[in-house]
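Everything quoted here is computed from the prediction, not taken from an experiment. Side-chain atoms are counted along with the backbone in the values below, which use heavy atoms only and exclude waters and symmetry mates.
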Amino acid sequence: MQQHKFKLAAAAIAIGLVSFAAGTLAQGRYPEINQAIGSLNGALGQLAMPATCSAGTRSPPSDLVREAIGELEAGKADAAAHGR
C-alpha cells in the first residue's frame with residue numbers, strides 16, 4: 001500500500017515539474033499574454049490599497065485577478081506543451 005502511495009506522489013511531482021518546465025519555456029514567448037499578466041499584476045497592486053476594498057462581496061476582486069493570472073499562465077503552459 002505504501003509503495004502505491006509513493007508511486008502516486010512521484011507521478012504528481014513529475015506532472016508538476018513538466019508543467020513548471022513548460023510554463024518556464026513559455027515565459028519568453030507570448031508577448032501579449034505576458035503584457036496582460038503584467039497589467040493584472042499592476043491591478044493587484046492597486047487593489048491592495050485600502051481605498052479600493054469593496055466590502056460585502058462574496059469573492060474579493062484580488063482573488064479574481066489572481067485567478068485570471070493563473071488562467072493565463074496555464075494557457076501559456078498548455079500552448080508550450082503542444083508546440084504552439
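- The shortest heavy-atom contact between Y30 and A79 is OH-CB, 3.4 Å.
- Across L40 and A68, no two heavy atoms sit closer than the pair CD1-CB, 4.0 Å.
- A pairwise comparison of heavy atoms in N41 and I69 identifies OD1-CD1, 3.3 Å as the closest pair.
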Test R84 against D78 for side chain to side chain contact (heavy atoms under 4.5 Å, CB included), laying out the working first. CA-CA 9 Å; R84 292 182 253 148; D78 182 62; 3.9 Å; yes
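- In this structure A36 satisfies the side-chain contact (heavy atoms from CB on, under 4.5 Å) test together with L72, sequence neighbours excluded.
- Taken from OG in S39 to CG in N34, the straight-line distance is 11.0 Å, to the nearest 0.5 Å.
- Considering only heavy atoms from C-beta on, I37 comes within 4.5 Å of K76 through its side chain.
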